[in-house]
> 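This is the structure I want to talk about, given as structure tokens.
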Amino acid sequence: MERVRFAPSPTGYLHIGGVRTALFNWLWARKRQSQGGGGFVLRIEDTDRERSTQASVDVILDSLRWLGLDWDEGPGVGGPSGPYTQMERLPIYKEYADLLIAKSKAYRCYCTKEELDAQRAALKARDPKAQFRYPGTCRGRTDAPALPHVVRLLVPETGSVRYVDKVFGEIVTPNAAQQDFVLLRSDGVPLYNFGAVVDDTSMGITLVARGRDHMVNTPPQIMIYEALDRPPPAFAHLPMMLAPNGEKLSKRHGAVSVTEYRDQGYSPRAVLNYLARFGWSHGDQEVFSLDELVAAFDWEHCNKSDGKFDAKKFLAINHEHLKTPRLTSDAEYAARTQPFVAARGLDVGVASIETVVPLIRERAVTFVDAADRLDFVFRDPPAIDAAAATKFLVPASAPLLRQLAAVLEPVEPWIAAPLEAAVNAWLPGTGLPMKDIAQPARVALTGRTASPGLFDVIAVLGRTRVLARLRAAADSIG
RNA sequence: GGCCCCAUCGUCUAGCGGUUAGGACACCGGCCUCUCACGUCGGUAACACGGGUUCAAUUCCCGUUGGGGUCACCA
């Protein structure tokens, strides 16, 4: 059984790059699950007590839930390998550290941070280019567990660590590049590499997939597995998602937290679709449902080179998902749009919205955009755009709007085709082209110069409101 | 600087020795048309450079250049 995990640090919002890591793991777990066995574990790595907060844990869990990335084990759902929060696992790390010390694979170090900082500074002063490595001061020192100490791994001076990355292939790193790094801090809290290894091995993780920025952590982690006499999991590193200018993607480059995209009216599956296609491909296919992603995902087609985030393409993918009923049903579309309609001060139920989704499906690029385009349907009287009125609600159009109202009034049934037929029958007598009547009518009915097709608008609004709006507009012209 | 990684249109990518180097987004035109979209047709646009290997390199190897990651009692 393949077991993967996502192990975020609760030090802020869930970053879009983090979502991609979670997604790839999740996709793999779900794919394996469909093939017989797969598990997705969520673990909170909160050992950085300075920056970790419960609020952040909540945001991360909410974000994952919104995205639909459910976990089989972890916070909220439990599981046999808990607890799933590192600060609740301190005894386990101590147990593993003691084991390593007993096996002489690790040792207690009594050097203080101040002493080490001083050594680092001294070296830097002597040779600015030199790289400080812990000199192994406490390697042979008499053990005194009662004294304050950290636990360091005894790293071999020679040799190298080799592993085969699922996306990068064979990676060889000389041991000389490592030092006797710290496993456990003096307060008993593990450092990242040790905590990750102890958790991954004790939770039965078989594949670790994470960002390429973690690739440098893999050799030391493998050393820990070896010291523990535990088989290391497989590793897969994902290329990084950079900002358009090649820098690390951060707040100053625009929205990077999942919640922002949620609030901007993105579809969670569009977010996942864009992220999945970033660093991974499946022939020429660009648009995927979640099921298609699960079925198609593999490590072989993961890319090795870093990429740059493209907000425009992201938006285009979102538009694609909103356009396609197969990817976003009317019901879901309405449910996701409703909060944004409500935010505009319109008290409208999901059911009412659902009936008009077809009107704006091809046009709206986000659910926020959808709410905006639907405003005229639910606001009565409609908000008339001043510029639109100045341009089209001119004296000459007043009689036309009244005539149009008269032409439409008796139409039966009140649906697009006969309504359009009625107007087409009337039009020749006016000697005007359709656009000369359509634009003033559009502004009168929707308040804007751009809207869904005029006859769809007329049909949806209903006889009463159409006649009222046309006549009100004509009256307003004076 | 040490160690590690990467390199196809502006961007995301297909390609796994022989292709008119394909798709998508973006951009620019045409068509459709009651507006805006959608749709559709077409266009501009890429193998970083230098050596090898080979009958043949975008593809394999080496180097150069460029870019990135990381060097903590952060993760």
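Keep in mind that the numbers below use all heavy atoms, side chains included, and drop hydrogens, waters and symmetry copies. All chains are named by letter (A, B, ...) in the order of the sequence lines, taking the proteins before the strands, and each is independently numbered beginning at 1.
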> Considering only the C1' atoms, how many Å lie between B:G10 and B:C4, rounded to the nearest integer?
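To the nearest whole Å, 29 Å.
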
> Just how far, in rounded Å, is P of B:C71 from CD of A:Q179?
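Spelled out: CD on A:Q179 to P on B:C71 is 11 Å.
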
> Considering residues at least two apart in sequence or located in another chain, which fulfil the ring-ring contact (aromatic ring centres under 6.0 Å, His included) criterion with A:W299?
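A:W299: ring-ring contact (aromatic ring centres under 6.0 Å, His included) contacts with A:W28, A:F297.
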
> Looking across every strand, which nucleic acid part, if any, lies under 4.0 Å from A:K113 by heavy atom: base, sugar-phosphate, or nothing?
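Result for A:K113 = base.
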
> Between B:C32 and B:A48, how many Å separate the two P atoms, rounded to a whole number?
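It works out to 42 Å between them.
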
> Would you mind telling me which of A:H214, A:Q86, A:E45 makes a side chain to side chain donor-acceptor pair (under 3.5 Å) with A:Y192?
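Among A:H214, A:Q86, A:E45, the one that satisfies the side chain to side chain donor-acceptor pair (under 3.5 Å) with A:Y192 is A:H214.
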
> Would a 4.5 Å heavy-atom cut-off, applied to side chains only, mark A:L100 and A:F194 as touching?
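Yes - at least one pair of side-chain heavy atoms lies under 4.5 Å apart.
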
> A:V150 near the nucleic acid: base, sugar-phosphate alone, or nothing, with a heavy-atom cut-off under 4.0 Å?
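The answer is base, as A:V150 lies within the cut-off (heavy atoms under 4.0 Å) of a base atom.
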
> So, A:D187 and A:R49, do they make that salt bridge, N to O below 4.0 Å?
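Result for this pair is yes, salt bridge flagged.
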
> For A:C302, answer base if it contacts any base atom (sugar-phosphate contacts may also be present), sugar-phosphate if it contacts only those atoms, and nothing otherwise; contact means non-hydrogen atoms under 4.0 Å.
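It contacts nothing in the nucleic acid.
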
> Which one is paired to B:G2, where only Watson-Crick or G-U wobble pairs with both distances under 3.5 angstrom count?
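Partner of B:G2: B:U70.
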
> Does the pair A:E226/A:K105 count as a salt bridge with the N-to-O cut at 4.0 Å?
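Here A:E226 does not pair with A:K105 in a salt bridge, since their nearest N and O are not under 4.0 Å apart.
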
> Pick the closest RNA chain B nucleotide for A:A177 and for A:Q439 by heavy atoms, then say which residue is nearer the 5' end.
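With A:A177 and A:Q439 compared, the 5'-side residue is A:A177.
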
> Any side-chain N or O of A:R120 under 4.0 Å from OP1/OP2 of B:C73?
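Checking B:C73 against A:R120, a side-chain N or O does come within under 4.0 Å of OP1 or OP2.
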
> Which of these nucleotides, B:A72, B:C74, B:C36, is closest to any side-chain atom of A:D48?
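The closest nucleotide is B:C74.
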
> Which whole-number value in Å describes the distance from A:L322 CG to B:C38 P?
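Result: 13 Å.
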
> Please name the nucleotide paired to B:C31 by Watson-Crick or G-U wobble geometry with both distances under 3.5 Å, or report none.
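B:C31 is paired, partner B:G39.
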
> I need a per-nucleotide contact map over nucleotides 4-13 of chain B, read 5' to 3'. Cutoff is protein heavy atoms under 4.0 Å; write B for the base, S for backbone only, - otherwise.
SSSS---SBS

> Output the single nucleotide from B:G69, B:C36, B:C73 whose closest atom is nearest the side chain of A:D213.
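Of the candidates, B:G69 comes closest.
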
> Students often get this wrong, so: under 4.0 angstrom with heavy atoms, is A:L191 touching a base, only sugar-phosphate, or nothing?
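The residue A:L191 makes sugar-phosphate contact but no base contact.
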
> Just the rounded figure in Å: distance from C1' of B:C25 to CD of A:Q285.
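These atoms are roughly 16 Å apart.
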
> Tell me: CZ of A:F132 to P of B:C73, nearest whole Å?
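Interatomic distance, CZ of A:F132 to P of B:C73: 9 Å.
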
> Mind checking the C1' distance from B:A7 to B:U59? Whole angstroms is fine.
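Approximately 14 Å lies between the C1' atom of B:A7 and that of B:U59.
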
> Could you tell me the separation between the OH atom of A:Y134 and the C1' atom of B:G2, rounded to a whole number of Å?
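After rounding, the reported distance stands at 21 Å.
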
> Round to the nearest Å and state the distance from A:E300 atom CD to B:C16 atom C1'.
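Roughly 13 Å, once rounded to whole Å.
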
> Tell me which nucleotide among B:C34, B:G69, B:A75 gets nearest to the side chain of A:R442.
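When the side chain of A:R442 is considered, B:C34 is the closest of B:C34, B:G69, B:A75.
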
> Anything under 30° is parallel, anything over 60° is perpendicular, the rest tilted; go ahead and classify A:F288 against A:W280.
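If you compare the ring of A:F288 with that of A:W280, the planes turn out tilted.
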
> Which base, if any, makes a Watson-Crick or G-U wobble pair with B:U65, both distances under 3.5 Å?
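Matched B:U65 with B:A7 under the 3.5 Å cut-off.
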
> Is the shortest distance from a Lys or Arg side-chain nitrogen in A:R448 or A:D372 to a carboxylate oxygen in the other one below 4.0 Å?
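Answer for the salt bridge query: yes.
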
> In whole Å, what is the span from the CZ atom of A:F392 to the C1' atom of B:U35?
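To the nearest whole Å, that distance equals 8 Å.
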
> Taking the same atom, C1', in B:A45 and in B:C28, what whole-Å distance lies between them?
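Nearest-Å result for B:A45 against B:C28 at atom C1': 12 Å.
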
> Is the terminal nitrogen or CZ of A:R20 (NZ for Lys, CZ for Arg) located under 6.0 angstrom from the six-membered ring centre of A:F24 and within 45° of that ring's axis?
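Yes, A:R20 and A:F24 form such a contact.
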
> Thinking salt bridges, do A:D330 and A:R361 make one under a 4.0 Å N-O criterion?
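The answer is yes: the pair qualifies as a salt bridge.
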
> Using the closest heavy atom to pick a nucleotide of RNA chain B for each, name whichever of A:R363 or A:P8 lands nearer the 5' end.
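The 5'-side residue here is A:R363.
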
> Could you work out the separation of B:C41 and B:G23 based on their P atoms and round it to a whole Å?
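One P to the other, the span is 12 Å.
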
> Counting side-chain heavy atoms from CB outward, which of B:C36, B:C73, B:C3 is closest to A:A450?
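Looking only at side-chain atoms, A:A450 lies closest to B:C36.
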
> Just compare B:G68, B:C25, B:C74 and give me whichever is closest to any side-chain atom of A:L242.
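Of B:G68, B:C25, B:C74, B:G68 is nearest to the side chain of A:L242.
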
> Are any protein N/O atoms closer than 3.5 Å to N/O atoms in nucleotides 39-44 of chain B? If there are, list each pair with its distance.
{"unit_1": "B:G39", "atom_1": "OP1", "unit_2": "A:K323", "atom_2": "NZ", "d": "3.2"}

> Measuring only between side-chain heavy atoms, which start at C-beta, is A:Y134 closer than 4.5 Å to A:V182?
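No, side chains not in contact.
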
> Roughly, in whole Å, what's the span from CG in A:D284 to C1' in B:G23?
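The distance from CG of A:D284 to C1' of B:G23 comes to 4 Å, rounded to the nearest Å.
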
> Any strand counts, and the cut-off is 3.5 Å on both contacts for Watson-Crick or G-U wobble. Which nucleotide pairs with B:A46?
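Base-paired to nothing in any strand shown.
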
> Is A:T47 near enough to B:A75 that one of its side-chain N or O atoms lies under 4.0 angstrom from OP1 or OP2?
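Yes, because at least one side-chain N or O of A:T47 sits under 4.0 Å from OP1 or OP2 of B:A75.
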
> Charged N to carboxylate O under 4.0 angstrom, A:R269 versus A:E292?
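Salt bridge absent between A:R269 and A:E292.
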
> I want to know whether A:F314 and A:Y274 have ring centres closer than 6.0 Å.
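Centroid distance A:F314-A:Y274: below 6.0 Å, so yes.
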
> Suppose you measure atom C1' in B:G68 against the same atom in B:U53; what distance do you get, rounded to whole Å?
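Comparing C1' positions in B:G68 and B:U53 gives a spacing of 30 Å.
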
> Please state the C1' separation for the pair B:C12 and B:A26 - nearest whole angstrom.
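Comparing C1' positions in B:C12 and B:A26 gives a spacing of 11 Å.
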
> Classify the nucleic acid contact of A:S9 as base, sugar-phosphate or nothing, counting any heavy atom under 4.0 Å across all strands shown.
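Contact class for A:S9: sugar-phosphate only.
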
> In whole Å, what separates the C1' atom of B:U13 from that of B:C74?
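It comes out at 35 Å once rounded to the nearest Å.
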
> Classify A:T11 by what it touches in the nucleic acid, base, sugar-phosphate, or nothing, heavy-atom distance under 4.0 Å.
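Answer is nothing: A:T11 stays at 4.0 Å or more from every strand.
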
> Both distances under 3.5 Å, Watson-Crick or G-U wobble: report the partner of B:U20, or none.
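Base partner found: none.
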
